[in-house]
Student: 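Submitted below is the structure of interest, expressed as structure tokens.
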Amino acid sequence: MTAVVEQPASGAKVKRDFRLIDSTLRDGSHAISHQYDVDQVVSIVKGLDAAGVQVIEVSHGDGLGGSSFNYGFSKVDEMQLVAAAVEATTNAQIAVLLVPGIGTVDELKRVRDLGVGVARIAVHCTEADITEQHIKMAKDLGMEAVGFLMMAHMNSPEGLAEQAKLLESYGADTVYFADSAGALTTNAVRARVAEVVGRIDVPLGVHAHQNLSLAVANSIAAYEEGARNLDGTSAGLGAGAGNCPTEILAAVCEREGIATGVDPLALMDVAEDITRPLMPRQQIIDRAGLLLGYSGVYSSFLLHAKKAAERYGVPEADILVELGRRKMVGGQEDMIIDVAVDLARRHAEREAAP
Amino acid sequence: MGLPVAIIGSGNIGTDLMYKLERSDVLDLVALIGIDPASDGLRRARERGYEAPHNGIDWVAENPDAVKIVFDATSAYVHRKHNEVLQGLGITAVDLTPAALGPKVIPPVNLGAHLDAPNVNMVTCGGQATTPMVAAVSRVTRVPYAEMVSSVSSKSAGPGTRQNIDEFTRTTSRALEEIGGAEIGKAIIVLNPAEPPILMRNTVFCALPEGTDHQAVIGSVEEMVASVAAYVPGYRLKSVPLIEEGPFHTPGGVVPHRVVVLLEVEGAGDYLPTYAGNLDIMTAAALRVGEAIAHHRADTAQEVTA
């Protein structure tokens, strides 16, 4: 069964208290090991667009250029997926994510030619100064530039505000912070949002993960403290235990009297009828998912750690805890192999000891 | 007396190179040139008795006969301007930025290939660390696709690297192809702010086609690691090269296996502490190239005299 959704009456003014950015086709890509095909992208874009979502992000999970040994190869070239998304949308803008160090401005130019309007430039939350050339290029190309600070639990509210100011100084139209490890408690989110909104003149957005079961609560708290952009994915599809599920966020917002401009029932249909059927596993908070949030580990490491655990015969949980101890940041997926090999060696040495 | 040389760029890399040049028998450092008189690098250069001008490339133009080689440790953007001046004066440029104007040199692979070139490029720190590994694999089997991931501590990545991170990925991926011998190359760099700072880490993945002799791959990689370690003592394998089973759907086609080479580079601690192996591998390689050029000129001069 496909989702039956209706377009909002044309010309009608839609009231929105914040802007919802959907990342099912970017962050969600992690959960399906970057195996999206064109048909799936088209049906999700159509469903989200009809439900009133304003911005839909499409890229490899690790951003443009992410298709690699290190992060997993895309089944279908992301440029084809982006082109299909642009083709399928009527009202929503298509966005991309770019992580400097993985992708380059060359990919930004290519997606601009395809019709992408929003460039999200993502960086570890202490390294904002590597984004200058990319944010400026996005602006030169006439795109909205969003500066996106990842792993926000690894910086203080003040430190995050400093980094946000840098992004703003390069020309970012919107600044985000992402709880990429799903490690922030609600009070920690409040403190960060309050500090950052007080220091920048552009709107702030927050991207939450579900590893501590707080994605919706943290998103609402972020809104209450002044964030005016929130991220989510359909059915929570995403790295780790998943993202903030948009259909739940929309439902909660309606109960709270916060205008989203999206139709919760339509989002529920998309989640149930399109997204869930393509999920290889449900987005539950199992031990590994919880450990990500508890140990402060990048959510995208989850499936790579499962694979390394199988390959080297060591417990997945031990790999995740060790990655947290070593303070690995997003992008260092190769260190999962390193940790697994180290653990296997230590295990073998213990076995061999008399 | 050795060949007189100067370094332009008094940041992390230029300052580290100063300490290495101090120990060279074939190159004589004359000046460390900067643009900020208050920079730590220039202060150290003055303390050690070198010229430490802060008028940048103008110093070279004003002293055209003072040096034969200039090591450029500024940034890709600035190097393009410097190179015009140097070429006009007939001074050889050893380029430590990712500008990649001249031929790329990775000492254990092609040190002798470009000794007469007016400008040679040292690729990037990650390129110096990983291209030899790809070359080691490609000398025993076809490499349809190779990828490197470099993690460096935030503290060791200076403003030049930060403002030009795209040049790093582009120049490095090209080096994996042109010098490493991969049909398709990809480069990724990650900055890690952990305290205490992490050692420089590099991981190399190579696609291994059906029928590859895995033992030959492992042996070749281990041999190449020894060649690099001969001039970068802190360069080492974290584990034996790993052969992992796929299939892997790479841009170079589907392959049944990949080799994963986990590398660590501990620095000599010349300027920044030992975590900054990324400085060492770059400056040690540049020193080796500078010395090779000096030897080559001495040999050529002898032949002419004889």
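Note that this is a predicted model, so its numbers are computed, not measured. Chain letters run A, B, ... following the sequence lines, proteins first and then strands; every chain starts at 1. Below, all heavy atoms of this structure are taken into account, side chains as well, without hydrogens, waters or symmetry copies.
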Student: I'd like to know whether CD1 of B:Ile35 has more than 12 heavy-atom contacts from other residues, nucleotides or ligands below 6.0 angstrom.
Tutor: no

Student: Whether A:Glu127 and B:Arg162 form a salt bridge (side-chain N of Lys/Arg under 4.0 Å from carboxylate O of Asp/Glu) is what I want to check.
Tutor: yes

Student: Above 12 or not: heavy atoms from other molecules or residues under 6.0 Å from NZ of A:Lys165?
Tutor: yes

Student: Step through the shown structure and confirm whether more than 12 heavy atoms of other residues, nucleotides or ligands are within 6.0 Å of CZ on A:Arg110.
Tutor: no

Student: Less than 4.5 Å to any heavy atom of chain A: does that hold for the side chain of B:Phe205, its backbone, both, or neither?
Tutor: both

Student: Is B:Arg201 salt-bridged to A:Asp334, cutoff N-O under 4.0 Å?
Tutor: no

Student: I'd like to know whether A:Met137 forms a side-chain contact (heavy atoms from CB on, under 4.5 Å) with B:Asp166, so could you lay out the CA-CA distance, the side-chain angles of the two residues, the decisive distance to 0.1 Å, and finally the verdict.
Tutor: CA-CA 12 Å; A:Met137 178 58 73; B:Asp166 279 7; over 6 Å; no

Student: Strictly distance-based, threshold 3.5 Å: is any side-chain N or O of A:Gln133 a donor or acceptor partner for the main-chain N or O of B:Ile165?
Tutor: yes

Student: Does B:Gln163 reach the main-chain N or O of A:Ile130 with its side chain, forming a donor-acceptor pair under 3.5 Å?
Tutor: no

Student: Counting only heavy atoms not in B:Glu195 (residues, nucleotides, ligands), do more than 12 fall under 6.0 Å from its CD?
Tutor: yes

Student: Testing the basics here: between B:Thr169 and A:Gly101, what is the closest heavy-atom pair and its distance to 0.1 Å?
Tutor: CG2-O, 3.4 Å

Student: Taking side chain as everything from C-beta outward and backbone as N, CA, C, O, which of these in B:Ala157 sits under 4.5 Å from a heavy atom of chain A? Side chain, backbone, both or neither.
Tutor: neither

Student: Heavy-atom distances under 4.5 Å only: say whether A:Met328 touches chain B with side chain, backbone, both or neither.
Tutor: both

Student: Hey, would you say the A:Phe73 and B:Phe248 ring centroids sit under 6.0 Å apart?
Tutor: no

Student: Looking at A:His124, A:Arg311, A:Glu333, which one has more heavy-atom pairs under 4.5 Å with chain B than the rest?
Tutor: A:Arg311

Student: Tell me whether B:Lys238 contacts the main-chain N or O of A:Asp338 through its side chain, where contact means a donor paired with an acceptor under 3.5 Å.
Tutor: no

Student: Would you say B:Lys186's side chain and A:Ser67's backbone share a donor-acceptor pair under 3.5 angstrom?
Tutor: no

Student: Return the option, out of A:Gln332, A:Arg345, A:Met154, A:Lys75, with the maximum number of heavy-atom pairs under 4.5 Å with chain B.
Tutor: A:Gln332

Student: As an exercise: rank B:Thr203, B:Val260, B:Asn192, B:Asn164 by heavy-atom pairs under 4.5 Å with chain A and give me the winner.
Tutor: B:Asn192

Student: Decide yes or no on side-chain contact (heavy atoms from CB on, under 4.5 Å) for B:Glu244 and A:Tyr312, but give the supporting numbers first.
Tutor: CA-CA 10 Å; B:Glu244 293 190 339; A:Tyr312 293 99; 2.5 Å; yes

Student: Of all heavy-atom pairs between B:Pro193 and A:Val329, which one has the smallest distance, and what is that distance?
Tutor: CD-CG1, 3.8 Å

Student: Is it the backbone or the side chain of A:Thr126 that comes under 4.5 Å from a heavy atom of chain B, or both, or neither?
Tutor: side chain

Student: With a 4.5 angstrom heavy-atom cut-off, could you sort out which part of A:Tyr170 is near chain B: side chain, backbone, both or neither?
Tutor: neither

Student: Which atoms of B:Leu262 come close to chain A, meaning under 4.5 Å heavy atom to heavy atom: side chain ones, backbone ones, both, or neither?
Tutor: side chain

Student: So which part of B:Ser239 gets closer than 4.5 Å to some heavy atom of chain A, the side chain, the backbone, both or neither?
Tutor: both

Student: Please classify the contact of A:Asp77 with chain B as side chain, backbone, both or neither, using a heavy-atom distance under 4.5 Å.
Tutor: neither

Student: Using non-hydrogen atoms only, which part of A:Val105 is less than 4.5 Å away from chain B: side chain, backbone, both, or neither?
Tutor: both

